[in-house]
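When a residue number appears, it is its place in the shown sequence, counting from 1.
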Amino acid sequence: MMSNSKRCSVSRSPKHLTPFGLMFLAVMLLVPASTSFGQGVAREEQLAIQQAMAYVNPSIVRIETVGGVDLVGDLLVGTGPTSGVVIHEDGYIITSRFNFVADPASVLVTTADGERYAAEVVATDFSKMLTLLKIDRTGLQPLQSVPVDEMRVGQRAIALGRTFDPEFPNVSVGIISALKRIRGKALQTDAKTSPVNYGGALINLKGECLGIIVPLSSQRDEETAGVELYDSGIGFAIPLADIERVIDRMIQGEDLHAGLLGIGFEAEGPVSGEAEIVRVRPRSPADSAGLVKGDVVTEIDGVPIRRVNDLKQVLGNRYAGETVSVTIRRADDSIQTMVTLTDQLVAYQFPSLGILPARSTDPSRSGVGVRFVFPESAAAKAGLQAGDIITGFQSETVESRSDVSSLLSKFEVGDTIELNVSRDSDSVDLSITLDEFPDGDNLPNIPPPVMAPGNRPEEIQVGRFNQKLPGSDRQFWVLVPQDYQPNQPQGLLLWTHPAGDTMEAEVVRSWRDLASERGLILVGVRAEDVSGFSQTDEEYAKDVVEWVTENYAIDPARVAVMGADDSGPFATQLAFKYRELFRGLLAIDAPLRFPPPDSNPEARLLIGFVVGPESRNSEQVMKSVEILREREFPTTLIENTEPEMFSFDVVDLMAQWLDALDRL
C-alpha cells in the first residue's frame with residue numbers, strides 16, 4: 001500500500017495554503033467574541049466548513065477531456081470539465097469513471113495552482129466506476145482518508161469539485177445519509193452531486209476525505225447508471241479508505257472488476273431470508289467449489305451471513321481474482337471452502353419444455369394445463385400433448401405456471417426431468433430432456449387462447465378511453481377489449497411513441513381486433529416534451545403500468561413495452577431498468593443503444609425486433625439481435641415486408657409473440 005500524507009491538521013504552515021485558504025484564515029480572525037449560543041454554533045460550523053474547504057483545496061483538480069464520442073446511449077456525456085482528487089504526491093489522481101465513458105482522445109488536468117498537465121489513464125475500477133490518472137508532477141498534496149468505521153450517518157459532508165472557476169472549488173453541503181449503499185460499496189449523501197463534481201471529494205469538517213463522488217444506481221450497473229439522480233439529494237461516494245486498499249494494483253495498471261460467485265436465491269430484497277442457494281450457475285466459481293442447490297451460506301470470510309442481503313453487502317466490495325472463505329450449512333454439517341471470484345459468468349441459458357400453459361382460472365382444477373405444444377420441441381419429442389395437465393415436476397406437486405417456471409430455472413439445457421401428467425382419467429409419467437429456449441423466430445401459427453366465460457361488473461371501463469394517474473394532470477390512453485372479463489388475466493402492452501407523433505389512432509386501429517383475440521390491454525403514454533421521451537418520463541411510465549395492473553386483471557408474465565424509431569431506446573431502458581415489471585420488449589426499427597444487462601434467471605426478458613423493408617437501421621438491428629443472443633436473451637427478429645409500421649401481418653406476428661411470452 002502506498003504511503004499517505006500525515007493526518008490533517010488545521011495548523012498546517014501558511015506556505016501550503018493557496019490564496020483561497022489564506023482568505024478563510026483572515027475571516028476567522030474577524031469573528032466577534034460575543035454571540036448567542038445558537039449563533040455561535042452556526043458560525044463555528046460555517047468556519048469549520050470554510051476551513052475544511054481551504055485545507056483540501058490544493059488536492060482538488062479540474063479535469064477536461066478532448067475528443068471522443070459525446071453520446072453514450074441517449075445520454076450526453078463528457079462535454080464539460082469535471083473534477084478529480086490527488087491521492088499521491090507523485091501525480092496520481094482518482095476520479096469518476098463517468099468522466100471517461102466517451103473514450104476521450106486526450107485528458108487535461110489543471111491543479112489548484114493553475115498549472116495544466118496532460119494526463120494518462122492508468123487503470124479503471126469498473127466495479128466502483130473509478131478511473132486512476134497520472135500527471136507528470138511531484139509535490140502534490142494528497143487527501144487523508146477517513147476510516148470507514150469512523151463514518152457516521154448524520155455527520156456533515158461537504159461535496160467539492162473544481163469546474164466553474166479554476167481558482168475556487170464549487171461546493172455543496174449536506175450530511176451522510178446512509179452507509180454501505182449499493183451492495184456495500186458506497187456511502188450516500190444529500191449534498192448535491194452532479195457531473196460537475198463527479199470525481200471530486202466528499203469531505204468531513206476536519207478536511208479529511210470521506211469518499212470520491214460517483215454516480216451509482218441500486219437498480220442498474222451500466223456506465224451512466226445513477227446520473228439521472230444528479231442534484232436530487234441522493235448522491236453516492238466511494239470511501240477513499242476502500243480505494244486505498246486496491247490503489248497499488250491500479251498504479252500497476254490493473255483494471256478491476258466486480259467479483260462474482262455464481263449463485264442465485266429465491267428472493268434478494270432487503271427483507272429476504274437466509275441465503276439458501278436455489279441455483280448454481282454452471283462453470284461458475286461456486287460450481288467449481290462444489291456448492292449445490294440447498295446449501296445455506298452462513299459466513300463469508302468470517303462475517304456472519306444471516307440474510308441474502310448480508311451476503312450481497314460483503315461480496316459487493318470484493319473484486320474478481322480475490323479468494324474468499326465461504327462457509328455453508330449442508331444438512332447438519334458446516335462446510336468451509338475457498339472460492340476465487342470471477343469477473344464474468346457464463347451467460348444463463350434458459351431451458352425449455354416447449355409448451356404454452358393453459359390460462360384456466362378454474363380453482364377446482366389443480367396442476368398446469370398444456371394449451372399448445374411447439375412442434376419439434378422437447379415436450380413434443382417426449383409425447384406431451386395439448387390438453388394434458390402437468391401435476392408433478394421431479395416428484396414435486398405443481399399448482400401453477402410459476403411453479404413450473406421456477407423449477408425449470410434450476411435445471412440446465414440437456415438435463416432430463418420427470419413430469420407427472422394427467423391425461424383424460426390417466427396418470428402418465430414422462431421423461432423430458434430440456435432444450436434451449438427458442439429465440440422465437442418463425443413461430444408456428446399459435447391458435448388464440450380460449451377465453452373463459454364470466455360476468456364483468458358494469459363499473460369496469462372497457463374500450464378506448466383517456467385516464468390520469470391520481471394527483472396528475474397528464475393523460476394516457478387505454479384500450480381494453482370489449483369482451484374483457486376480470487377472471488381472465490390479460491397481457492399488457494405499453495406503447496411509447498416516436499417523437500412528435502403519438503400515432504394513437506393508428507395503434508388503436510391496427511391493434512384493436514388482435515388485442516381482443518389474444519387477450520391484450522394496450523396503454524399509450526404521451527411524452528411530457530414534444531421532442532420525445534427522456535429519463536424524466538421513466539417513473540411516470542412505470543406508474544402507468546402499475547395503475548393498469550391494479551385496476552385490471554393482468555398476467556405478470558405477459559407485460560411488455562414497445563417503442564419505435566427514436567422511442568426505441570426509451571422502451572429498451574424501461575425494460576432493462578424495471579426487470580421485475582416487464583417480461584417483453586418490442587423494438588421497431590430501433591437497434592440497441594447501450595449494453596444489455598445480465599440475462600437474469602429470476603427476471604426472464606424476451607426481446608423482439610421488427611425491421612422494415614427500407615429500414616436505415618437494419619444492419620444495426622441485426623447486430624443487436626446477435627449481441628443479445630450471445631448474452632442468451634431469447635431474441636426474435638420479425639421482418640415487416642410492408643411499408644406501414646403496423647401492417648396487419650406484422651401486428652399479427654407481434655400479437656402472437658406477445659401471446660407466447662409465458663411459454664415454458
Derivation and outcome, side chain to side chain donor-acceptor pair (under 3.5 Å), residues Asp483 and Ser516
CA-CA 7 Å; Asp483 53 357; Ser516 177; 3.3 Å; yes
- Message: Let's go through Thr416 and Thr433 carefully: what are the C-alpha distance in whole Å and the side-chain angles of both, what is the deciding distance for side chain to side chain donor-acceptor pair (under 3.5 Å) to 0.1 Å, and is it a yes or a no?
- Response: CA-CA 4 Å; Thr416 298; Thr433 301; 3.0 Å; yes
*Ion pair Glu538/Lys577, N-O distance below 4.0 Å*: yes
Rounded to the nearest 0.5 angstrom, the CZ-CZ distance for Phe437 and Arg663 is 4.5 Å
Residue set satisfying salt bridge (charged side-chain N to carboxylate O under 4.0 Å, His left out) with Arg583, at least two apart, ordered chain then number -> none
Under a 4.0 Å N-O cut-off, is there an ion pair linking Asp333 with Arg330?
-> no
Are any side-chain N or O atoms of Ser567 and backbone N or O atoms of Gly563, one a donor and one an acceptor, separated by less than 3.5 Å? no
Glu619, CD atom: more than 12 neighbouring heavy atoms under 6.0 Å: no
On a heavy-atom basis, the closest approach of Ser431 and Ala382 is O-CB, 3.5 Å
task: Might you work through the side chain to side chain donor-acceptor pair (under 3.5 Å) test for Asp589 and Ser615, ending with a clear yes or no?
output: CA-CA 7 Å; Asp589 199 22; Ser615 170; 2.2 Å; yes
* Asked: With no hydrogens and no angle check, do the side chains of Asn640 and Ser647 hold a donor and an acceptor under 3.5 Å apart?
  -> yes
*asked:* So that I can tick it off, tell me whether Asp659 and Arg359 are bridged by a salt bridge, with the cut-off set at under 4.0 angstrom between side-chain N and carboxylate O.
replied: yes
Value for CG (Leu311) from CG (Leu261), rounded to nearest 0.5 Å, stands at 7.0 Å
Step-by-step side chain to side chain donor-acceptor pair (under 3.5 Å) determination, Thr572 to Arg593: CA-CA 9 Å; Thr572 304; Arg593 296 295 185 190; over 6 Å; no
Value for CG (Asp426) from CG (Asp388), rounded to nearest 0.5 Å, stands at 10.5 Å
For this session: Test side-chain contact (heavy atoms from CB on, under 4.5 Å) on Asp343 and Phe126 and set out the steps.
Result: CA-CA 10 Å; Asp343 63 339; Phe126 291 95; over 6 Å; no
Kindly assign one of parallel, tilted or perpendicular to the pair Tyr578 and Phe582, based on the angle between their ring planes and the thresholds 30° and 60°. tilted
Handout entry: Verdict with supporting geometry, Leu494 and Leu574, side-chain contact (heavy atoms from CB on, under 4.5 Å)
Key = CA-CA 10 Å; Leu494 175 72; Leu574 289 178; 4.0 Å; yes
- Message: Any salt bridge linking Asp662 with Arg401? Criterion: basic side-chain nitrogen under 4.0 Å from a carboxylate oxygen.
- Response: yes
Taking every heavy atom of Asp435 against every heavy atom of Ser377, the minimum-distance pair comes out as OD2-C, 3.8 Å
What one should report as the nearest heavy-atom pair of Ser127 and Gly316 is OG-O, 4.2 Å
Note: Ala289 and Val339 closest approach over all heavy atoms is CB-CG2, 3.6 Å
Inset, instruction - Please check if any side-chain donor atom of Ser427 sits under 3.5 Å from a side-chain acceptor atom of Asn420, or the reverse. - result: yes
dist Gln656:CD -> Leu658:CG (nearest 0.5 Å) comes out at 10.5 Å
Review point. In terms of side-chain geometry, is the basic nitrogen of Lys542 or Glu546 positioned less than 4.0 Å from the acidic oxygen of its partner?
Key: yes
- request: Hey, can you tell me if Tyr552 and Tyr484 have their rings parallel, tilted or perpendicular (30° and 60° cut-offs)?
  value: perpendicular
Taking the inter-plane angle between the rings of Phe411 and Phe393 on a 0 to 90° scale, is it parallel (under 30°), tilted (30 to 60°) or perpendicular (over 60°)?
-> tilted
Take a 6.0 Å sphere around CD of Glu376 and say whether it holds more than 12 heavy atoms from other residues, nucleotides or ligands. no
* State yes or no: are the ring centers of Trp495 and Phe646 separated by less than 6.0 Å? => yes
Output for pair (Ile305 CD1, Ile328 CD1), nearest 0.5 Å, gives 13.5 Å
| said: Check this for me, if you would: do Arg526 and Glu504 make a salt bridge, where the nitrogen-to-carboxylate-oxygen distance has to be below 4.0 angstrom? | reply: yes
Correct closest heavy-atom pair for Pro489 and Asp555 would be CB-N, 3.8 Å
Looking only at heavy atoms, the pair that brings Phe609 and Val625 closest together is CD1-CG2, 3.6 Å
* **side-chain contact (heavy atoms from CB on, under 4.5 Å) evaluation trace for Val421 with Leu384** => CA-CA 8 Å; Val421 171; Leu384 200 62; 3.6 Å; yes
